[in-house]
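Presented below is the structure to which this report refers.
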Amino acid sequence: MTEVVHTPRVFSGIQPSGGLTLGNYLGAMKRFVDMQGQGVETIYCMVDLHAITVWQDPAKLAHATRELCAGFIAAGIDPAQSILFNQSQVAEHTQMAWIFNCVARMGWMQRMTQFKDKAGKNAQNASLGLFAYPALMAADILVYHATHVPVGEDQKQHLELTRDIAIKFNNDFGTEFFPITEPVIEGAATRVMSLRDGSKKMSKSDPSDMSRLNLTDDADTIAKKIRKAKTDPEPLPLDIEGLEDRPEARNLVNIFAALNDQGVEDVMRDMGGKAFSEFKPMLADLAVAKLSPISGEMDRLMQDPAEIDRILANGADKARGIAAPILKKTYEIVGMVGAGA
Ligand code: AQP
């Protein structure tokens, strides 16, 4: 069999499960922007079907989807250069997910740490959708034959599962139809941690608003959250090695580096030895300078929700144009009558 070479294509998604956090911005969105305009097709999705794996108030879900779209555009995603849409408008995602539900094994899903974290002690009461989430995520990616997926570190396990699904499908059906997708996890902020607990990731759904910076926070709120961020009593160490075993200090330094487009070593060269009382206001100023223009632009875009809906519908049309033939071919490979017609 001749080896199939898949054209490079980037896909990634974010759940409209609440406001955007600094973790989503630095771990995902900022890197989505970097990948745009590099001569590779970029597809970015508001994954509303993933969001409903845990309860979402319908009105809030619609608002969060539009706000997320505004966030993408405010952060620098250009709907003329990237395909920008919400998942539920392209039915091919769920159709492909069913095929993958039948390829993935129960044991694979049971190993997923995100399910264990989100379901908590009450796994029997979690939705079936939360359990099957990684198969839908594999469908999101593979229904576009995406070869590269920029994500934060927390999504690594799900991407490995996507690769396992592609490999098993290809083996089962004797084909090389699906690419073996590469995760793109790089930079200082692939894992932004909670401001209240350096061992937990910063998350939209953390019950404490003080644990995260939201892209919609105003300057005073950002300064207050950073001032109150948990730290230890020691000043910053003199070098990067000194950050080991100091998760809160390491997190703030990582955030500074990522916001300032610097390496962690460079930040330590400039900031090593400073007390937190000196470093935190500098971090707050930097965060305000970088995030305020984004939140201002989000506000402006949210004044015209009809325009956002037009952008999403237009993006969905373009997305369907890629996904429909890939789904059709998948059905044909699986043996569904009528798929080849
Ligand atoms: N703390 C983080 N550090 C780095 N990257 C992060 N991402 C999320 N949190 C961090 C990245 O953001 C992208 C979108 O994530 P998502 O919204 O699909 O779901 P998530 O990873 O579960 O994010 P949240 O904020 O924790 O949402 P909830 O609370 O609803 O579960 C992904 O690329 C992710 O890596």
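All ligand and atom numbering here is 1-based and tracks the order in the structure. Along the sequence shown, residues carry numbers from 1. Heavy atoms only: backbone and side chains are in, while hydrogens, waters and symmetry mates are out. Note that this is a predicted model, so its numbers are computed, not measured.
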Quiz item: Under a 4.0 Å N-O cut-off, is there an ion pair linking K225 with D209?
Solution: yes
Practice problem: Return the option from S17, A28, C45 holding the heavy atom at the smallest distance from atom 13 (C) of ligand 1. | Solution: A28
Practice problem: Please could you name the atoms of ligand 1 that T190 approaches to less than 4.0 Å, counting only its heavy atoms? | Solution: 3 (N), 4 (C), 5 (N)
Quiz item: Which of the atoms in ligand 1, numbered in the order shown and given with their element, are less than 4.0 Å from a heavy-atom of M202?
Solution: 1 (N), 2 (C), 9 (N)
Quiz item: Hey, is S205 touching ligand 1 through its side chain, its backbone, both or neither, going by heavy atoms under 4.0 Å?
Solution: both
Quiz prompt | Gap separating the CE atom of M137 from the OG1 atom of T162, nearest 0.5 angstrom | solution = 5.0 Å
Quiz item: Quick one: which ligand 1 atoms are inside 4.0 Å of a heavy atom on R191?
Solution: 3 (N), 4 (C)
Quiz item: Any salt bridge between R163 and E160, counting N to O under 4.0 Å?
Solution: no
Quiz item: Between L68, D154, V151, which one has a non-hydrogen atom sitting closest to atom 35 (O) of ligand 1?
Solution: D154
Exercise. Just let me know how S203 lines up against ligand 1, side chain, backbone, both or neither, with a heavy-atom cut-off below 4.0 Å.
Key: both
Quiz item: Is the ring centre of F178 less than 6.0 Å from the ring centre of H6?
Solution: no
Quiz item: What distance separates L84 CG from T42 OG1, expressed to the nearest 0.5 Å?
Solution: 9.5 Å
Exercise. Could you check atom 20 (P) of ligand 1 against the protein and tell me its nearest heavy-atom contact, residue, atom and distance included?
Key: K201 NZ, 3.3 Å
Quiz prompt | Contacting atoms of ligand 1, where contact means under 4.0 angstrom from a heavy atom of G27 | solution = 4 (C), 5 (N)
Quiz item: So between N251, I255, V149, V192, whose heavy atom ends up nearest atom 3 (N) of ligand 1?
Solution: V192
Exercise. Using a strict cut-off of 4.0 Å, indicate which atoms of ligand 1 neighbour a heavy atom of G152.
Key: 5 (N), 33 (O), 34 (C), 35 (O)
Exercise. May I ask you to list the atoms of ligand 1 that are less than 4.0 angstrom from any heavy atom of G13?
Key: 14 (C)
Quiz item: Can you find a pair of side-chain heavy atoms, one from Q114 and one from Q155, that are under 4.5 Å apart?
Solution: yes
Exercise. Quick one: look up the protein heavy atom nearest atom 19 (O) of ligand 1 and list residue, atom name and how far away it is.
Key: Q15 NE2, 3.1 Å
Quiz item: Is any N or O atom of Y133, backbone or side chain, closer than 3.5 Å to an N or O atom of ligand 1?
Solution: no
Quiz item: Heavy-atom contacts under 4.0 Å between K118 and ligand 1: side chain, backbone, both, or neither?
Solution: side chain
Quiz prompt | ILVMFWY network linking F85 to I77, side-chain heavy atoms under 4.5 angstrom | solution = no
Quiz item: Who passes side-chain hydrogen bond (donor to acceptor under 3.5 Å, both in side chains) against N101, sequence neighbours left out?
Solution: none
